[in-house]
> 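Got a structure for you, questions after.
For reference, positions follow the sequence shown, starting with 1. Read the numbers this way: they start at 1 and go in the same order the structure lists the ligands and their atoms.
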Amino acid sequence: MRLTETADVWWKNAVVYCLDIETYFDTDGDGRGDIRGLSQRIDHLAELGVTCLWLMPFYPTPDRDDGYDITDFYGVDPRLGTHGDLVELITLAQDRGIRVIADLVVNHTSDQHPWFKSARASRTSPYRDWYVWRDEPPANQHEGIVFPDQEDSLWEYDEEAGQYYLHQFYKHQPDLDIANPAVREEILKIIGFWLRLGLSGFRVDAVPFLLDTAGATDAANLADPHDYLRDLRAFLSRRDGQAVLLGEVNLSYKDTRTFFGDEDGDELNMCFDFIGMQKMYLSLARQDPAELVKALRERPAPPEEAQWGTFVRNHDELTLDKLTKDERQEVFDAFGPDEDMQLYGRGLRRRLPPMLGNDQARIKMVYSLLFSLPGTPVLFYGEEIGMGENLAAEGRNAVRTPMQWTTGPTGGFSTADPGDLAGPVVEGDLSPEHVNVAAQRKDPDSLLSWIKLLAQRYRECPELSWGECTILEHDTPSVVAHRSDYEDGTIIALHNFSAEPAEITLVVAGSGVGVRVADLLTGATSDVENDGTLRHQVGPYGCCWLRVLRAGDRYLV
Ligand code: NOJ
């Protein structure tokens with residue numbers, strides 16, 4: 001049977017949507033979103049065309065890293081709800097064809113986790129060697145700091161323990177030691193637990209950090225850390241053959257490829273495409289897609305059943321760490337010139353619409369690109385309506401503001417006082433007054449309607465997710481043209497990165513007799529010339545998805 005005719009490899013053409021329950025919809029008026037609130041809004045996701053919901057951490061936490069600092073891997077933060085609420089949410093979602101995955105954050109725990117409290121209290125604690133300890137920090141302790149504004153070492157001296165411990169992120173997040181078999185087994189147990197409760201897999205946090213055993217004195221126990229990722233995937237697949245691992249791996253393409261595993265893909269099912277994302281912003285800044293095109297040509301093909309996770313924004317800063325210093329500066333100059341918009345010298349704490357001056361055509365072009373290029377699109381909540389950021393919020397929280405459902409001071413997020421919310425609401429031109437779900441639902445020209453259309457067309461076209469993609473050569477530098485072929489279907493997508501209209505000439509068929517193209521986004525058709533040449537106009541920041549139609553084709557266009 002053809003893989004596209006089974007639902008087994010569902011992640012290959014999923015529409016993933018990430019949200020933080022805390023900022024989505026508040027039902028008990030405490031200013032914090034809750035699981036029941038998300039359940040009440042599940043039809044918004046169903047209508048949008050979401051097929052996989054990624055929940056950011058909902059576990060008990062002191063919340064010093066927005067929940068990525070966990071004190072109980074088997075728990076649910078009581079401020080958000082209960083296990084019962086979560087099971088209801090998963091049931092409601094699945095009833096609408098939406099699978100639910102969640103963050104698996106096992107590179108580290110909170111320093112308030114009972115394991116760490118026990119570990120630091122005594123050298124004979126059974127949890128002592130679940131973490132990584134040293135009497136003296138290694139010479140490279142100041143290298144590779146992830147949060148350079150807050151940390152200056154990867155090692156912290158702990159008075160109670162009388163030793164230094166490793167923390168690749170904040171000092172309140174001590175690293176677990178996966179060279180210790182007991183830790184590896186516990187992680188499998190955590191996975192097994194949540195699969196039983198109905199999750200369909202995980203977004204795996206910080207995978208290269210998790211596999212990095214360099215600091216551990218017992219590193220020899222796990223000669224090849226990828227063996228553990230293989231074990232983890234094998235365990236996951238044994239428990240649930242349709243469960244997925246979507247990994248956060250921000251490395252070069254060559255290094256990222258190794259996290260998919262062997263040719264059959266025996267490690268992560270999906271890796272985020274951080275390189276393509278960064279090159280896209282560089283191309284936007286230059287109004288010239290050349291750098292993106294170069295990246296797409298260099299991007300390794302994933303194993304057949306694996307997929308790249310493509311994205312425009314996520315909950316972190318827009319990292320530009322893989323660009324050169326000059327390239328990064330170009331993006332800063334174009335999209336985040338104020339120092340307050342920048343973070344750690346390498347990223348922007350902004351969302352897309354304000355970076356593009358809220359130019360709707362340009363924003364729509366970017367999402368059209370996201371849905372038409374090979375890869376599984378991953379949306380961050382609020383992108384579907386074009387939310388902005390609030391720079392008054394601290395650090396990365398600028399992009400984690402409450403979801404904007406309606407007009408009003410809390411954007412319909414909560415009945416609490418606007419000053420008592422989990423985060424400040426966006427102000428100014430992109431405040432709930434101007435940007436909200438209720439208004440956009442009624443407007444066929446809204447961004448929300450556009451994203452619904454893109455999701456629907458993308459789901460209808462196996463060419464885009466399963467097909468072979470070719471970046472086409474042509475003479476119009478501002479336009480990226482890519483062609484996706486699958487069986488007898490062909491789609492050619494055009495995206496204009498410039499504010500000037502463009503005309504493009506492409507050969508779309510050997511012989512053009514009786515051949516037409518139909519734009520799947522507008523329904524407009526045009527004829528191909530008899531020699532197979534297509535001349536097409538693309539408006540300023542315009543885009544189109546052209547299905548090539550030959551006599552007798554039975555496609556819905
Ligand atoms: C990556 C997450 O995306 C980020 O938000 C978090 O701070 C770090 N991992 C540490 O868990």
> Closer than 4.0 angstrom: is that true for some heavy atom of F209 and an atom of ligand 1?
no

> Are the charged groups of D103 and R203 less than 4.0 angstrom apart, N to O?
yes

> Atom 6 (C) of ligand 1: which protein heavy atom is closest, and how many Å away?
D65 OD2, 3.4 Å

> Any non-hydrogen atom of Q168 lying under 4.0 Å from ligand 1?
no

> With a 3.5 Å cut-off and sequence neighbours excluded, list the donor-acceptor pairs that the side chains of residues 135-149 form with protein atoms.
unit_1, atom_1, unit_2, atom_2, d
D135, OD1, Q163, NE2, 2.9
Q141, OE1, S153, OG, 2.7
H142, ND1, D152, O, 2.6

> When you measure from atom 5 (O) of ligand 1 to every protein heavy atom, which one gives the shortest distance, and what is it?
D316 OD1, 2.7 Å

> Look at R350 together with D338 and state whether they make a salt bridge at an N to O cut-off of under 4.0 Å.
no

> Considering only heavy atoms, does E317 approach ligand 1 within less than 4.0 Å through its side chain, its backbone, both, or neither?
neither

> Any atoms of ligand 1 less than 4.0 Å from a non-hydrogen atom of E248? List them with their elements.
1 (C), 3 (O)

> Applying salt bridge (Lys or Arg N to Asp or Glu O under 4.0 Å), name anything that partners K171, two or more places apart in sequence or on another chain.
E151

> Is it the case that ligand 1 has an N or O less than 3.5 angstrom from some N or O of R396?
yes

> Would R351 and Y381 count as a cation-pi pair here, with the cationic atom under 6.0 angstrom from the ring centre and within 45° of the axis?
yes

> Under the criterion side chain to side chain contact (heavy atoms under 4.5 Å, CB included), which of L236, I191, D205 is the partner of L104?
I191

> When you compare ligand 1 with H108, is there at least one nitrogen or oxygen pair between them that comes in under 3.5 angstrom?
yes

> Got a salt bridge between D158 and R120, using NZ or NE/NH1/NH2 to carboxylate O under 4.0 Å?
yes

> Report, in ascending order of atom number, the atoms of ligand 1 lying under 4.0 Å from any heavy atom of Y68.
2 (C), 5 (O), 6 (C), 11 (O)

> In terms of atom number and element, which parts of ligand 1 are under 4.0 angstrom from non-hydrogen atoms of H315?
2 (C), 3 (O), 5 (O)

> Using a cut-off of 6.0 Å, state whether more than 12 heavy atoms not belonging to K322 lie near its atom NZ.
yes

> Determine whether any heavy atom of R400 lies closer than 4.0 Å to an atom of ligand 1.
yes

> Given D205, T319, V207, identify the one with the heavy atom nearest to atom 1 (C) of ligand 1.
D205

